[in-house]
Peer 1: 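Structure below; questions to follow.
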Amino acid sequence: MIGIILGLAVLMGLAYLGWSILWVAPIAAGVVALTGGLDLLDAYKDTYMGGLVGFAKSWFPVFMLGAIFGKLMEDTGMARSVAVALTKLIGTERAILGVLASAAVLTYGGVSLFVVVFAVYPLALTMFKEANIPRRLIPATVALGAFTFTMTAVPGTPQIQNLIPMEHFGTDAMAAPIMGVTATIVMAVGGYLYLRRREKKLKANGEVYTEPKDKNVLDSEGKTPHFILSLLPLLTVLITLNVFGWDVIVALISGIVLIMLLNLSKFKGFVSAINSGASGSVLAILNTSAAVGFGTVVKAVPGFDRLTEMLMGIRGNPLISEAVTVNILAGATGSASGGLGIALEALGSRYYEIAMDTGISPEAFHRIASLASGGLDALPHNGAVLTLFAITGMTHKDSYKDIFIVAVLIPVIAAAVAILIASIGIY
């Protein structure tokens, strides 16, 4: 038990320092293996690598196709077209809502979180400037739209955090729609009201919009496809996945093909975009797989049985146990998909058995697992948070407090509300 806790501490501490999880995870797994009485070399070559390769085998096509889809949306200008249209529709006087809505629509349509940041940030600068809102609120606004409810709560979202639980609980992407919609309302409305309150407070204190030091990010000009055409690939992924029940791989391929058909005049750039998306997906899948490999080693040591007893022994609704487990592991790894992968790899079958024994719908376990992955994952060492700061030119001191409220605290509350709803048999 001490070894498992120490391994988690090593993983979280080194990840917080910015060290790559690709080599941090094996080190942390080695700590667990040594203190758990496992042969170190066997634990790495067989147990750790078995978990890593198993997860990569199952999910690499989704990671790769999702990255290619997002990159094509970015390079063809379709992502920017959707964001521009939504911000114009909502108006600059409601800049926070416009940026939030743009990020949310793109994320729910299947565009990766990182692509959304690049697509929305230039527009956020323009809108925040016209509304004279301090730039320090841009990271939290984008995070609310891309890192929270569209990633984990809205039924049918094609983001990986909503797909991983499917194979463990025999569910689909629309699992527990009432719980998902309720959590969405808590996160979206709660986060928006908080940001508006912060806007008013900062303005009352005399803070105003200031120009960024790096003006290159302001390049939001250039011809883009029509808004309606740009929406079609997003709708295609959602409809084929949730209405026709196609496999997510087929749904993403359909979206990719449609993007290319609608942008034949830009065919010369397709190979570059596909290459870039495919290359970027390799690091993403390996990071998550490395975290899952760590979880596989944890599962193999004797202390895991004791840990399982403790987690399963949390009194009350078993969904609470699941939420706590996923949240802790997502926080330790700084990754929603990594923490979720570790938790379900280790305990997914146990939670499914509990669902069968207690009569609680597996859909409820699916939705809580997804929701919980989007809580403590957004701690300061989270990769998406660090990327967001790098792009916006903000620092933890400038903006992390607001990100913590909208992307950590409120999502944890939303998961608790979803558990309360499930406790009365509404899914």
Peer 1: Evaluate Met151 against Thr157 for side chain to side chain contact (heavy atoms under 4.5 Å, CB included), listing each step before the verdict.
Peer 2: CA-CA 7 Å; Met151 184 178 82; Thr157 178; over 6 Å; no
Peer 1: I'd like to check Ile178 versus Tyr427 (side-chain heavy atoms, cut-off strictly below 4.5 Å). Are they in contact?
Peer 2: no
Peer 1: Who pairs with Tyr194 by side chain to side chain donor-acceptor pair (under 3.5 Å), at least two apart in sequence or on another chain?
Peer 2: Asp402
Peer 1: CZ of Arg198 to CG of Leu202: how many Å apart, nearest 0.5 Å?
Peer 2: 4.5 Å
Peer 1: Please tell me if the side chains of Val111 and Phe69 come closer than 4.5 Å, counting only heavy atoms from C-beta onward.
Peer 2: yes
Peer 1: Please determine whether side chain to side chain contact (heavy atoms under 4.5 Å, CB included) holds for the pair Tyr108 and Leu234, giving the CA-CA distance in whole Å, both sets of side-chain angles, and the decisive distance to 0.1 Å.
Peer 2: CA-CA 8 Å; Tyr108 187 59; Leu234 305 179; over 6 Å; no
Peer 1: Are the side chain of Ser399 and the backbone N or O of Arg136 linked by a donor-acceptor pair below 3.5 Å?
Peer 2: yes
Peer 1: Between Leu72 and Ala273, which heavy-atom pair has the shortest distance, and what is it?
Peer 2: CD2-CB, 3.7 Å
Peer 1: Measure the CG-CG distance between Asn327 and Leu376 for me, rounded to the nearest 0.5 Å.
Peer 2: 4.0 Å
Peer 1: Between Ala83 and Ser102, which heavy-atom pair has the shortest distance, and what is it?
Peer 2: O-OG, 3.3 Å
Peer 1: Just by distance, do the side chain of Thr236 and the backbone of Ser254 share a donor-acceptor pair under 3.5 Å?
Peer 2: no
Peer 1: Can you name the nearest heavy-atom pair linking Asn263 to Pro225, along with the distance?
Peer 2: OD1-CG, 3.6 Å
Peer 1: Decide yes or no for Phe60 and Val282: does some side-chain heavy atom of the first lie under 4.5 Å from some side-chain heavy atom of the second?
Peer 2: yes
Peer 1: Do Leu106 and Val82 touch side chain to side chain, with heavy atoms closer than 4.5 Å?
Peer 2: yes
Peer 1: Nearest 0.5 Å, please: how far is OG1 in Thr240 from CG in Leu252?
Peer 2: 8.0 Å
Peer 1: Where the side chain of Thr152 meets the backbone of Phe149, is there a donor-acceptor pair that is under 3.5 Å apart?
Peer 2: no
Peer 1: Hey, does the side chain of Ser272 reach the backbone of Gly269 with a donor-acceptor pair shorter than 3.5 angstrom?
Peer 2: no
Peer 1: Quick one: CG on Leu113 to CD on Gln161, what's the gap to the nearest 0.5 Å?
Peer 2: 6.5 Å
Peer 1: Looking at Leu261, I want to see if its CG is surrounded by more than 12 non-hydrogen atoms of other residues, nucleotides or ligands under 6.0 Å.
Peer 2: yes
Peer 1: Are any side-chain N or O atoms of Ser279 and backbone N or O atoms of Ser276, one a donor and one an acceptor, separated by less than 3.5 Å?
Peer 2: no
Peer 1: Tell me if a side-chain donor or acceptor on Asn242 pairs with a main-chain N or O of Gly156 at a distance below 3.5 Å.
Peer 2: yes
Peer 1: Does any part of the side chain of Leu344, heavy atoms only, come nearer than 4.5 Å to the side chain of Ile164, both counted from C-beta?
Peer 2: yes
Peer 1: Take Leu8 and Leu329 through the side chain to side chain contact (heavy atoms under 4.5 Å, CB included) test and state the conclusion after the steps.
Peer 2: CA-CA 8 Å; Leu8 282 170; Leu329 292 172; 3.8 Å; yes
Peer 1: So Glu322 and Asn317, do their side chains get closer than 4.5 Å, heavy atoms only?
Peer 2: no
Peer 1: Tell me yes or no: between the side chains of Ser337 and Thr288, is some donor less than 3.5 Å from an acceptor?
Peer 2: yes
Peer 1: Could you give me the CA-CA distance, side-chain angles and deciding distance for Leu241 and Trp246, then say whether side chain to side chain contact (heavy atoms under 4.5 Å, CB included) is met?
Peer 2: CA-CA 5 Å; Leu241 176 65; Trp246 294 3; over 6 Å; no
Peer 1: Is it the case that atom CZ in Phe118 sees more than 12 heavy atoms from other parts of the structure closer than 6.0 Å?
Peer 2: no
Peer 1: Measure the spacing between CG of Leu420 and CD1 of Ile426 and express it to the nearest 0.5 Å.
Peer 2: 11.0 Å
Peer 1: Just checking, any donor-acceptor pair under 3.5 angstrom between side chains of Thr395 and Asp398?
Peer 2: yes
Peer 1: Does the Arg367 side chain pair with the main chain of Ala175, one donor and one acceptor, at a distance under 3.5 Å?
Peer 2: yes
Peer 1: Under 3.5 Å, is there a donor-acceptor pair between the side chain of Asn162 and the main chain of Ala173?
Peer 2: yes
Peer 1: Taking everything shown except Tyr352 itself, do over 12 heavy atoms lie less than 6.0 Å from its OH?
Peer 2: no
Peer 1: Tell me, do Ile354 and Phe365 make a side-chain contact under 4.5 Å, heavy atoms counted?
Peer 2: yes
Peer 1: Of all the heavy-atom pairs spanning Ile256 and Leu65, show the shortest one and how long it is.
Peer 2: CD1-O, 3.6 Å
Peer 1: For the CG atom of Asp75 and the CD1 atom of Ile68, what is their distance to the nearest 0.5 Å?
Peer 2: 12.0 Å
Peer 1: At their closest point, which heavy atom of Tyr44 faces which heavy atom of Pro26, and how far apart are they?
Peer 2: CE1-CB, 4.0 Å
Peer 1: How are the rings of Trp23 and Trp19 set relative to one another: parallel (under 30°), tilted (30 to 60°) or perpendicular (over 60°)?
Peer 2: parallel
Peer 1: Backbone N or O of Ile96 within a donor-acceptor pair of the Thr141 side chain at under 3.5 Å?
Peer 2: no
Peer 1: Any side-chain donor-acceptor pair under 3.5 Å between Asp172 and His366?
Peer 2: no
Peer 1: Got Asn275 and Lys71 here, is their nearest side-chain heavy-atom distance under 4.5 Å?
Peer 2: no
Peer 1: Looking at Ala103 and Thr107, what are the two nearest heavy atoms and their distance?
Peer 2: O-OG1, 2.7 Å
Peer 1: Thr325: which residues meet the side chain to side chain donor-acceptor pair (under 3.5 Å) condition with it, sequence neighbours left out?
Peer 2: Tyr351
